[in-house]
Amino acid sequence: MKTIDGHTARKRFGQNFLVSAGVIHKIVDAVGARNGDTVVEIGPGLGALTEPLLERIEPLHVVEIDRDLIARLRQRFAPERLTIHEGDALEFDFGALKQNNARLKIVGNLPYNISSPLLFHLVGYAPQIHDMHFMLQKEVVDRMVAAPGSGTFGRLSVMLQYRFHMERLFIVPPGSFNPPPKVDSAIVRMIPVDFAKVDAEHTASNNDVFAKVVTTAFSQRRKMLRNTLRALIDESALQRLGITPTARAEDLGVTDFVRIANSLGDIR
Ligand code: SAM
């Protein structure tokens, strides 16, 4: 077991603490918080990002699950500077922090073991969010930003690319953490799509139907769409939408999935 500053890193909470000053400053610069913003850090841990974020913005909100770390944060930072939300980020209501016109920014070196469910949880708050900057496993970031036709393009790519403009900013090697993870990490920037500025044909009329089409299409990613989507749409209807029935889910673009979903109405 690895002890850092008297704290034993907990694997079950995905605790790999940032120790590289260079990486920490690059992340804080990328976040670009300024006065008047509402900033929330997920998983502040031992405060590697918290402290430099507080130099830019006060008060700062943090969501942390580990009680030992919460006790340390309470000792170190005055409550008027740092608002600590004790609990599970997967259940946290990020929308409750949105204030009038203040930009809501979310940041975090995320616990890798819950990264996908956390990203899906955050999708629900996209309309209230200004931007998000996260450290994740590089492999996950690569899936998030993957282009159609690539082997890494999947459900995560489509569901997130529909809602966010995403950019991989830089790669962070294992030696930047204590304890070091086994794999490379990367920083991703996510900016919600402004649907007021998007053509109707690129907007799903029913989010549940859209999610169902995407999940069904990728449930057997090697199979042809005419087979995977059989229960939802038939071959001739796919053809009428300009989609090749023998194509596979990974060959379609995000707007193709939207077109299929919108042709189905409010089904099932
Ligand atoms: N931000 C610190 C850093 O960069 O050194 C710590 C990052 S560490 C990878 C992940 C942090 O998320 C830990 O502090 C961990 O306790 C916290 N965490 C893990 N699961 C969580 C959850 N479900 N909700 C909130 N925080 C969580």
Side-chain angles (χ1 to χ4, degrees), residues 1-31 33 39-57 59-77 81-97 105-125 129 132-141 169-189:
M1 270 206 205
K2 190 83 187 171
T3 302
I4 304 113
D5 283 346
H7 172 78
T8 304
R10 295 194 163 94
K11 245 198 178 138
R12 73 173 188 283
F13 290 149
Q15 292 178 353
N16 298 97
F17 300 102
L18 260 172
V19 291
S20 158
V23 170
I24 290 166
H25 283 105
K26 251 169 107 173
I27 296 171
V28 173
D29 272 351
V31 171
V39 183
V40 195
E41 186 192 358
I42 299 174
L46 292 164
L49 292 169
T50 318
E51 173 114 50
L53 281 169
L54 275 167
E55 284 167 19
R56 306 247 186 149
I57 183 90
L60 174 71
H61 293 266
V62 293
V63 185
E64 175 58 64
I65 201 167
D66 184 325
R67 293 212 178 120
D68 291 344
L69 292 174
I70 291 166
R72 294 170 71 117
L73 291 163
R74 286 223 166 92
Q75 277 201 327
R76 186 160 152 207
F77 301 106
R81 298 184 72 207
L82 191 70
T83 307
I84 302 175
H85 303 273
E86 187 172 343
D88 189 343
L90 286 172
E91 284 163 19
F92 187 72
D93 180 3
F94 289 90
L97 298 180
K105 294 167 81 72
I106 305 181
V107 48
N109 170 13
L110 297 187
Y112 294 164
N113 47 345
I114 58 160
S115 54
S116 284
L118 192 51
L119 289 167
F120 280 109
H121 178 63
L122 288 162
V123 162
Y125 299 102
I129 293 169
M132 308 198 278
H133 292 80
F134 293 133
M135 171 101 72
L136 290 159
Q137 282 181 26
K138 176 182 168 293
E139 175 265 327
V140 174
V141 173
L169 297 184
F170 54 91
I171 293 170
V172 182
S176 307
F177 303 84
N178 189 5
K182 292 201 173 68
V183 293
D184 275 339
S185 304
I187 301 293
V188 66
R189 172 178 287 151

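Index from 1, following the sequence. Atoms within a ligand are numbered from 1 in the order they appear, just like the ligands themselves.
- In this structure, the ring pair (Phe, Tyr, Trp, His ring centres under 6.0 Å) partners of Tyr125, at least two apart in sequence or on a different chain, are Phe94, His121.
- One N or O on the side chain of Gln15 and one on the backbone of Arg10 form a donor-acceptor pair closer than 3.5 Å.
- Taking a cutoff of 4.0 Å between a charged side-chain nitrogen and a carboxylate oxygen, Glu64 and Arg74 do not qualify as a salt bridge.
- With sequence neighbours excluded, the residues satisfying side chain to side chain donor-acceptor pair (under 3.5 Å) with Arg189 are His133.
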Tabulation required: pairs of a nitrogen or oxygen in ligand 1 and a protein nitrogen or oxygen under 3.5 Å; columns are atom names and distance to 0.1 Å; otherwise 'none'.
unit_1: ligand 1; atom_1: 1 (N); unit_2: Glu41; atom_2: OE2; d: 3.4
unit_1: ligand 1; atom_1: 1 (N); unit_2: Gly43; atom_2: O; d: 2.8
unit_1: ligand 1; atom_1: 1 (N); unit_2: Pro44; atom_2: O; d: 3.3
unit_1: ligand 1; atom_1: 4 (O); unit_2: Asn109; atom_2: ND2; d: 2.8
unit_1: ligand 1; atom_1: 5 (O); unit_2: Leu18; atom_2: N; d: 2.8
unit_1: ligand 1; atom_1: 14 (O); unit_2: Gly45; atom_2: N; d: 3.3
unit_1: ligand 1; atom_1: 14 (O); unit_2: Glu64; atom_2: OE1; d: 2.7
unit_1: ligand 1; atom_1: 16 (O); unit_2: Gln15; atom_2: NE2; d: 2.9
unit_1: ligand 1; atom_1: 16 (O); unit_2: Glu64; atom_2: OE2; d: 2.6
unit_1: ligand 1; atom_1: 23 (N); unit_2: Asp88; atom_2: OD1; d: 2.8
unit_1: ligand 1; atom_1: 24 (N); unit_2: Ala89; atom_2: N; d: 2.8

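- Residues forming a salt bridge (charged side-chain N to carboxylate O under 4.0 Å, His left out) with Asp184 (at least two apart in sequence, or on another chain): none.
- Salt bridge present: Arg56 and Asp29 bring a charged side-chain N and a carboxylate O closer than 4.0 Å.
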